[in-house]
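Taking it in order: structure first as structure tokens, then the write-up.
These numbers come from a predicted model, not from an experiment. Residues: numbered from 1 along the sequence shown.
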Amino acid sequence: MPPPDLDDTWSDSDDELEADQETAVDLGVPDGPVDDPAILLDPTVSRLGGHPSFLSSPHPSLAHATCTNCSQPMELLIQIWCPLEESPNDRALYVWACANGSCQRKEGSVRAWRELRFNKKYAEKLERKLARRKAKELEEAKASAEVARKTLPKSNPFALGANSAHDPFGLGSQIFGGTAASSESTPQHVQADFTGSSGTSSRGESDSEESDDADDVLVAGMQSASLADSPWKTAPAYPALYLSTVSEYLPPPSKVKVSSGAQTDPDDEKAPKGNDNSGGWDLEGYGDSLDVDHAFERFSKRVSYEGEQCLRYERKGTPLPFASDKVFDRLFPLPPGPPAPVTKAAFMVAPPRKRTYVASSIPPCPICKGSRVFECQLMPNLINVLRASEGEQKKLTDEERRAEILRALRNAGASGRRGMEWGTCMVFSCEKDCSEEDAGGSIWREEYVLVQWDE
């Protein structure tokens, strides 16, 4: 299992990005246009852009994808098939965003919804899986008890206080009030953990017949959820692109090559050791600017390892802040520093203060009142990918292109401008994944979105 995310703590002096390991983050990258009409109707296929594919009908109201500022329908940015293995619900996540210039940097211009559909077949499968796991745990406990019994040292039957288990009548422990350990006693139940490393799953198992039955039910629901006679068909949309998943890998740190004009510091313990010099180095004229946004530098460095990423997914993980702004201070508040000396003036070097991710800064779920957890965030490359795919689809003539330029110049203000200006959009979902299992059709829950804008 991959190690936990490295961003639980954050400080300006963190060097922990320099690692050689795979993190718990799943990265979503574009993987070509979706041309198959059947795939466009399949909610189990994650995609960028396109029209939404719902788990069942009747479809939700178009108001789910309406900007709260301009009251216009928004384009779908991403649809993620993300069921939880410990849940009986089919699950999909949708994120819509408004591209109108006047709506940028305003709350309600990016909205995320979670759709749940109770899967009776998979619920029965989960019960059988839990029963098999419990039986396996019981067998393992019995085997462990048997091994422990056989490895006990043999006691002297004539010695005082000999093990009463060797009493030929089996009464010793009962007479003295002891409780003999029985190998058939039920072990303490351990809660089964069906969540994968990232929280996403295809729910695949070896007993494929049961899985096929559940898939048949889902396919039937998909067919009934066609957009043919739906107002969603006329909603604006970007061209649909496949979304592939890759694991995030942080490469090993590169070896620093000391230039000829460098000065060595013999007292630097972190410096690379060599034959000629055993100290560190710093270049002449180097100065640390106070205007550097360390959060953005860290973001850029982390993203540079996989530049095509459009999505970072890690349910119950830690978001990657885009910049040092109000959102950053809210999620990663700066802890109080050490008290200043009051007796006399003294020079004190304060250690770097670690910023820790505070999940409680996110408001709770309004339905179940439970806490919300980070689930995913959209990355700035998504804007470039959707813009490029839209440009490829709209092949304009020279005359149409000139008219488009004149229209853009005429509407140079924010009201006529088109284009998204966010740096990252973080989605926080209900930790309990609350739903109503006895309700027919599907359940819709709007989730909390925090946006860091590209200033």
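Side chain of Asp36 to main chain of Ala38: a donor-acceptor pair is present (N/O by atom type, distance under 3.5 Å, no hydrogens or angles). The backbone N or O of Tyr305 sits nowhere less than 3.5 Å from a side-chain atom of Glu248 that would complete a donor-acceptor pair. The closest donor-acceptor contact from the side chain of Arg445 to the backbone of Ile443 lies at 3.5 Å or more, if one exists at all. The backbone N or O of Leu243 lies less than 3.5 Å from no partner atom in the side chain of Arg47, so there is not a single donor-acceptor pair.
Using a 4.5 Å heavy-atom cutoff, the side chains of Gln72 and Cys103 are not in contact. Side-chain contact between Val29 and Glu306: present, with at least one pair of heavy atoms (C-beta onward) separated by less than 4.5 Å. At a threshold of 4.5 Å between non-hydrogen side-chain atoms, the residues Lys301 and Glu297 do not count as touching. Put simply, the side chain of Pro52 reaches to within 4.5 Å of the side chain of Trp96, judged on heavy atoms. Side-chain contact between Asn119 and Pro88: absent, with no pair of heavy atoms (C-beta onward) separated by less than 4.5 Å. Between Cys430 and Ile367 there is no side-chain heavy-atom pair separated by less than 4.5 Å. Under the 4.5 Å side-chain criterion, counting only non-hydrogen atoms from C-beta, Glu85 is not in contact with Leu126. Under the 4.5 Å side-chain criterion, counting only non-hydrogen atoms from C-beta, Leu41 is not in contact with Ile39.
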Quiz item: Please walk me through it: do Leu77 and Leu378 pass side chain to side chain contact (heavy atoms under 4.5 Å, CB included)?
Solution: CA-CA 9 Å; Leu77 299 187; Leu378 308 186; 3.7 Å; yes
Exercise. Check the pair Arg372, Glu431 against salt bridge (charged side-chain N to carboxylate O under 4.0 Å, His left out), reporting the backbone distance first and the verdict last.
Key: CA-CA 5 Å; Arg372 278 190 171 113; Glu431 184 176 18; over 6 Å; no
Practice problem: Evaluate side chain to side chain contact (heavy atoms under 4.5 Å, CB included) for Trp422 paired with Leu382, printing each intermediate quantity in order. | Solution: CA-CA 10 Å; Trp422 46 262; Leu382 176 58; 4.2 Å; yes
Quiz prompt | Full working for side-chain hydrogen bond (donor to acceptor under 3.5 Å, both in side chains) between Asp42 and Thr44 | solution = CA-CA 5 Å; Asp42 188 349; Thr44 67; 2.5 Å; yes
Self-check item: Asn89/Arg117 under side-chain hydrogen bond (donor to acceptor under 3.5 Å, both in side chains): CA gap, chis, key distance, verdict
Solution: CA-CA 5 Å; Asn89 294 316; Arg117 177 179 179 273; over 6 Å; no
Quiz item: Yes or no on side chain to side chain contact (heavy atoms under 4.5 Å, CB included) for Val95 and Arg111, after CA distance, side-chain angles and deciding distance?
Solution: CA-CA 6 Å; Val95 181; Arg111 302 178 67 181; over 6 Å; no
Self-check item: Intermediate values then yes/no, side chain to side chain contact (heavy atoms under 4.5 Å, CB included), Gln377 and Leu320
Solution: CA-CA 8 Å; Gln377 68 184 102; Leu320 180 66; 3.6 Å; yes
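Partners of Phe428 according to the ring-ring contact (aromatic ring centres under 6.0 Å, His included) rule, which considers only residues two or more places apart in sequence or in another chain, are Phe374. Among residues two or more places apart in sequence or in another chain, the side chain to side chain contact (heavy atoms under 4.5 Å, CB included) test is passed with Thr245 by Asp26. Residues meeting the salt bridge (Lys or Arg N to Asp or Glu O under 4.0 Å) test with Glu127, sequence neighbours left out: none. Pro236 is linked by a side chain to side chain contact (heavy atoms under 4.5 Å, CB included) to Pro73, Glu75, counting only residues two or more places apart in sequence or in another chain. Partners of Tyr448 according to the ring-ring contact (aromatic ring centres under 6.0 Å, His included) rule, which considers only residues two or more places apart in sequence or in another chain, do not exist here. A search for side chain to side chain contact (heavy atoms under 4.5 Å, CB included) contacts involving Pro60 returns Phe54, His64, Trp232, Trp444, not counting sequence neighbours. Partners of Pro30 according to the side chain to side chain contact (heavy atoms under 4.5 Å, CB included) rule, which considers only residues two or more places apart in sequence or in another chain, are Leu48, Cys310, Val385. Every side-chain hydrogen bond (donor to acceptor under 3.5 Å, both in side chains) that Arg114 has, sequence neighbours left out, goes to Asp433, Glu447. Ser429 is linked by a side-chain hydrogen bond (donor to acceptor under 3.5 Å, both in side chains) to Glu375, counting only residues two or more places apart in sequence or in another chain. Applying the side-chain hydrogen bond (donor to acceptor under 3.5 Å, both in side chains) rule to Gln309 yields the partners Arg312; only residues at least two apart in sequence or on another chain are considered.
In this model, no donor atom of one side chain and acceptor atom of the other lie less than 3.5 Å apart for Thr424 and Gln452. For the residue pair Tyr249 / Gln21, no side-chain donor-acceptor distance below 3.5 Å is found, with atom types taken as modelled.
Taken to the nearest 0.5 Å, the CD atom of Glu86 stands 5.0 Å off from the CG atom of Leu84. Between the SG atom of Cys425 and the CG atom of Leu450 there is a distance of 10.0 Å, given to the nearest 0.5 Å. To the nearest 0.5 Å, atom NZ of residue Lys432 and atom OG of residue Ser87 are 14.0 Å apart. Distance CZ/Phe118 to CG/Asp90: 10.0 Å, rounded to 0.5 Å. In this structure, the separation between OG on Ser244 and CG on Leu311 is 12.0 Å, given to the nearest 0.5 Å. Here the straight-line distance linking atom OG of Ser53 with atom CG of Leu40 works out to 8.0 Å at 0.5 Å rounding.
Scanning both residues, Pro321 and Met426, for their nearest heavy atoms gives CA-CE, 4.0 Å. Closest non-hydrogen pair, Met74 versus Ala97, comes out as CB-O, 3.4 Å. Here the closest non-hydrogen pair linking Cys365 and Cys434 is SG-SG, 3.6 Å. Gly108 approaches Thr68 most closely through the heavy-atom pair CA-OG1, 3.1 Å. Shortest non-hydrogen contact noted between Trp453 and Ser109 is CH2-OG, 3.6 Å. When all heavy atoms are compared, the tightest approach of Cys82 to Tyr313 is CB-OH, 3.5 Å.
Within a 6.0 Å radius of CD in Glu107, other residues, nucleotides and ligands contribute 12 heavy atoms or fewer.
Between Tyr357 and Phe332, the angle of the ring planes lies from 30° to 60°, which puts this pair in the tilted group.
Applying the salt bridge (charged side-chain N to carboxylate O under 4.0 Å, His left out) test to every pair with at least one member in residues 95-105, sequence neighbours left out, gives these pairs: Arg105-Glu421, Arg105-Glu455. Counting only residues at least two apart or in different chains, salt bridge (charged side-chain N to carboxylate O under 4.0 Å, His left out) contacts with residues 325-334 comprise Asp329-Arg355.
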